[in-house]
Amino acid sequence: MRVKISKASLQSGFLVDVEEMSGENVWSCYQCGNCSAGCPLSFAMELLPNQIIRLLHLGQQEEVFRANTIWLCASCLTCKTRCPRGVDLSRINESIRHLALRRGKAPDRFGPDQIEPGVAASAPPQGLASAFRKFGG
């Protein structure tokens, strides 16, 4: 993935909106990767959780909205438990999802019949239930 950083992207206010909605300090993350290493759904994510944080740091709003990571997050709090700084990535992802929906960036809706058999067999049940809650309409 190629990221273009500009003054406009760094000053977009997107990060401020995410921090205000989530109550989390995104700058507390120093990219140790513990959140990604412990995430039970990282195998299915285009970008790892710590990469989403880095894109927030860089003001890459559209890249964050395009990633399936924010929609696959099961809000299991493994990331927060493993984080040495106590960053609650599930709250950050929830905020990003709300901002995406407000800006018309929602993914296509889906149901159980649209899940590939291999994914359904190997995904944690909490992840599937969370996905249906987010995508099911």
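In this structure E62 satisfies the salt bridge (charged side-chain N to carboxylate O under 4.0 Å, His left out) test together with K105, sequence neighbours excluded. The side chain to side chain donor-acceptor pair (under 3.5 Å) check on S36 picks up N50, with sequence neighbours excluded. When the salt bridge (charged side-chain N to carboxylate O under 4.0 Å, His left out) test is applied to R103, the partners found at least two apart in sequence or on another chain are D17. By the side chain to side chain donor-acceptor pair (under 3.5 Å) test, S42 pairs with no residue at all, sequence neighbours left out. Remark: Q51 pairs with no residue by the side chain to side chain donor-acceptor pair (under 3.5 Å) rule, at least two apart or across chains.
The closest donor-acceptor contact from the side chain of H98 to the backbone of V18 lies at 3.5 Å or more, if one exists at all. For the pair R97 (side chain) and W71 (backbone), a donor-acceptor distance under 3.5 Å is absent. Of the possible polar contacts, one joining the S95 side chain to the S22 backbone as a donor-acceptor pair under 3.5 Å is found. Side chain of E63 to backbone of Q61: no donor-acceptor contact under 3.5 angstrom is found. Checking side-chain atoms of E24 against main-chain N and O of D88 turns up a donor-acceptor pair under 3.5 Å.
Distance check: I52 CD1 to T69 OG1 gives 4.5 Å after rounding to the nearest 0.5 Å. Atoms CD1 and SG, from I92 and C29 in turn, are 8.0 Å apart once rounded to the nearest 0.5 Å. Separation of atoms CG (N68) and CD (E46) is listed at 4.0 Å; rounding is to 0.5 Å. L101 CG to F65 CZ: the interatomic distance, rounded to the nearest 0.5 Å, is 9.0 Å. Taking CD1 of I53 as the reference point, atom CH2 of W27 lies at 10.5 Å (rounded to 0.5 Å). In this structure, L48 CG and C39 SG are separated by 8.0 Å, a value rounded to the nearest 0.5 Å.
Salt bridge status for R91 with E94: absent, with no side-chain N to carboxylate O gap under 4.0 Å.
Cluster membership check: L89 does not share its hydrophobic cluster with V16, using side-chain heavy-atom separations under 4.5 Å among Ile, Leu, Val, Met, Phe, Trp and Tyr.
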Extract all donor-acceptor atom pairs below 3.5 Å that involve side chains of residues 76-87 and protein atoms in other chains or at least two apart in sequence.
residue, atom, partner, partner atom, Å
T81, OG1, L77, O, 2.9
R82, NE, N34, O, 3.0

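Residues L47 and V64 fail the side-chain proximity criterion, which asks for heavy atoms closer than 4.5 Å.
Looking at every heavy atom in both residues, V26 comes nearest to H57 through O-NE2, 3.0 Å.
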